[in-house]
Protein chains: 2
Amino acid sequence: MKRTSLNDIAAKLGVSKTLVSFVLNGKGKEFRINDEICKKVQETAKEMNYQPNRLAQGLRTGKTNTIGLIIADIANPFFGFLGREIEQEAAKSGYRVIFCSSDENPEKSKQQIAMLQQSQVDGYIISPPMYSGDQVLALVKNNIPLVLIDRFFPEIDSNYVGINNFEAAYKATSHLIRLGRKRIACISVNKDMINMQERTEGYKQALIDAGLPVDENLIKILTFSHDNKELVKAMKDLFGKKENRKADAILFSTSKLGIIGIEFISSSGLKIPEDIAVVSFDDPDAYKICVSPVTVVNQPLKEIGKTAVQVLLNKIKHPEAKSQQIILKTEFIIRKSCGS
Amino acid sequence: MKRTSLNDIAAKLGVSKTLVSFVLNGKGKEFRINDEICKKVQETAKEMNYQPNRLAQGLRTGKTNTIGLIIADIANPFFGFLGREIEQEAAKSGYRVIFCSSDENPEKSKQQIAMLQQSQVDGYIISPPMYSGDQVLALVKNNIPLVLIDRFFPEIDSNYVGINNFEAAYKATSHLIRLGRKRIACISVNKDMINMQERTEGYKQALIDAGLPVDENLIKILTFSHDNKELVKAMKDLFGKKENRKADAILFSTSKLGIIGIEFISSSGLKIPEDIAVVSFDDPDAYKICVSPVTVVNQPLKEIGKTAVQVLLNKIKHPEAKSQQIILKTEFIIRKSCGS
DNA sequence: TATTTTAGCTAAATCGTTTTAGTAACCAAA
DNA sequence: TTTGGTTACTAAAACGATTTAGCTAAAATA
């Protein structure tokens, strides 16, 4: 039941735990421990199935080899993929990951940060909810290793790994314009979140540059929620009236919106792309097999996750490293949802 | 930079750290600490933003309030949902969760269990890969709190939360039979995994009970993999030859298979349900918006996650508790993919 | 022979908690 | 005056590792 400790090994061999510690940390040579004793210690450790107590190690050394991850929702495949990459990349360097879903709720993320602090994590990867800038700032001020992903706070100088949201939205919207769509709607969420704002701005700029009017009635910025009421209402407003449809195309800022939006479109008997052309951010499975496979802006999730971990571990190793903002390339995948 | 410790508070107030510990653990009354001092301690703790060091606590008490979760792949929404529920339910009781994706690889899960042991987690929730029975057995033998989900080992007496796979597959297959399908294929994975075996058995029994032949050519049991080659090959074999299709219906044992399978079906110009009727386990978003929304066996993921945590925490509290096998109800959702 | 060096090891402090076993001061009862 | 019981607190050990400082005996050097 009780695990074997350094002391147990030491007692069994009649040596000091200091020696055992040296050997098991590969410092046998450095502290000129007798080769035979080294061997014996290692054998005995294996025999007794010694597993170092990371709590004790962490307490003594001040390092836990653990990183805290705060994302909006691990059930959302977007974050699931990110989480997976992060876990994998971290494991390569011997780091554990504690996952927290903040639900885009700053109160929750605050608690989670506190919890992670108590767990003495070595660093954080955070996809920060709206209005959690103060929390991030507090970490940054204390020079606590931290990388933001997916969003950031323009007024805070922190590490960040993400994409160029403006450009991606601009490109997606231009694609719709090029195909002749005139009344392009945009559905987004979380109005005060920088990445979402950038997407909306990119959308608007594309319209402006093409000489099309920016119609605020076609822009729906929802609040974050796990239910769909608000989105359905917005869709009804845009596409509800048979002969007087407000829009002939739509840009979804997230796939969560897009999936439900497309479900609505299908169930109201509208055709994609004939009645409505669709472009969306992110590329979930659903988009590949739905009625008209969806044209998307795909984010390089693997690379984002991997890079975030690398930047974080670098900062952990070199606390004096200054912050990096890394913008990765998106991929625009053209499928059938816009016609041609 | 350095966090405030009990000692810092004690020093500031000129009392012992014992006293501070008592007060902050709510044992002020029990140890008859003066009310005023209690108040002062609490105020000072807040002022100095005291955060208990969970490593030290864990080291001393032998309890970390952390549970280890090992699943196949957090990027798979099936496990994402489970993970989310587990995290949430655990948080309610003040427990943290360390996530590990085993990739269905027993070598990985072995390492992960070791890592979690070193982290002194209080218990485990595991969706065990094939051939990892010995790992699970070792935990069970040591009476380490553990709950298996999604699959289990019939020869090991452990806690388990899941569904009746046989019954669910039987029902799904019967549905296809009732609708007049005669050549029903079954695509599954991981031949030595009990839950998958049960599904195949349920499928076969339904055929037998309906007087239909069990044709091994229609049963494809794949190996676990992140790429799709094997599945595409199986699909081609079943549906490739235009005028001599082997099957007129298909049961997918997992949604991962189903999504790719349906993608294949769509891209080969076959129609669901006219050419092929489809039923699948699990209910990802994709199934709701694809060409013919898919009829599915939906697992109660929320309840599975929640129950798993409850069983685990109960076992942590009561080490003498004997093992529970909890089978939850599935939901059969009829959509359009089978015709009518 | 006396001194220094080296090889090979250990004692003890430390990290931040919890918890056991006290202690000191005071008052009441015998 | 002694005993016993409260009240209000503290010292110190313990958890399991790491790490600094130092010790002894033998070998090498002066």
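Every heavy atom of this structure was used, including side-chain atoms; hydrogens, water molecules and symmetry mates were not. The chains referred to below are lettered A, B, ... by the order of the sequence lines, with proteins before strands, and numbering in each begins at 1. The shown structure was predicted, so the numbers you read here are calculated from the model rather than taken from an experiment.
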Side chain A:T18 and base C:dA11 donor-acceptor under 3.5 Å: yes
B:E30 atom CD, neighbour heavy-atom count above 12 within 6.0 Å: yes
More than 12 heavy atoms from other groups under 6.0 Å of NZ on B:K12: no
Pair listing, ring-ring contact (aromatic ring centres under 6.0 Å, His included) test, anchored in residues 49-80 of chain B, at least two apart: none
A:K315 side chain to A:N143 side chain, donor-acceptor N/O pair below 3.5 angstrom: yes
A:K63, NZ: over 12 other non-hydrogen atoms inside 6.0 angstrom: yes
Sugar-phosphate, base or nothing in reach of B:K63, heavy atoms under 4.0 Å: nothing
Upstream residue (5' side of DNA chain D) when A:F22 and A:R32 are each assigned their closest nucleotide: A:F22
Test: B:E104 and B:R151 ion pair at under 4.0 Å: yes
Sidechain-backbone polar pair: B:Q120 side chain, A:R54 backbone, donor-acceptor under 3.5 Å: no
First and last nucleotide of DNA chain D, 5' to 3', lying under 4.0 Å from heavy atoms of chain B: D:dT7 to D:dG16
A:F99 atom CZ, neighbour heavy-atom count above 12 within 6.0 Å: yes
At a cut-off of 3.5 Å, list every protein nitrogen or oxygen paired with a nitrogen or oxygen from nucleotides 14-17 of chain C, distance to 0.1 Å.
unit_1	atom_1	unit_2	atom_2	d
C:dT14	O2	A:R60	NH1	2.9
C:dC15	O2	A:R60	N	3.4
C:dG16	N2	B:A56	O	3.4
C:dT17	OP1	B:Y50	OH	3.1
C:dT17	OP1	B:N53	N	3.3
C:dT17	OP2	B:L6	N	2.7
C:dT17	O5'	B:Y50	OH	3.0
C:dT17	O4	B:K17	NZ	3.1

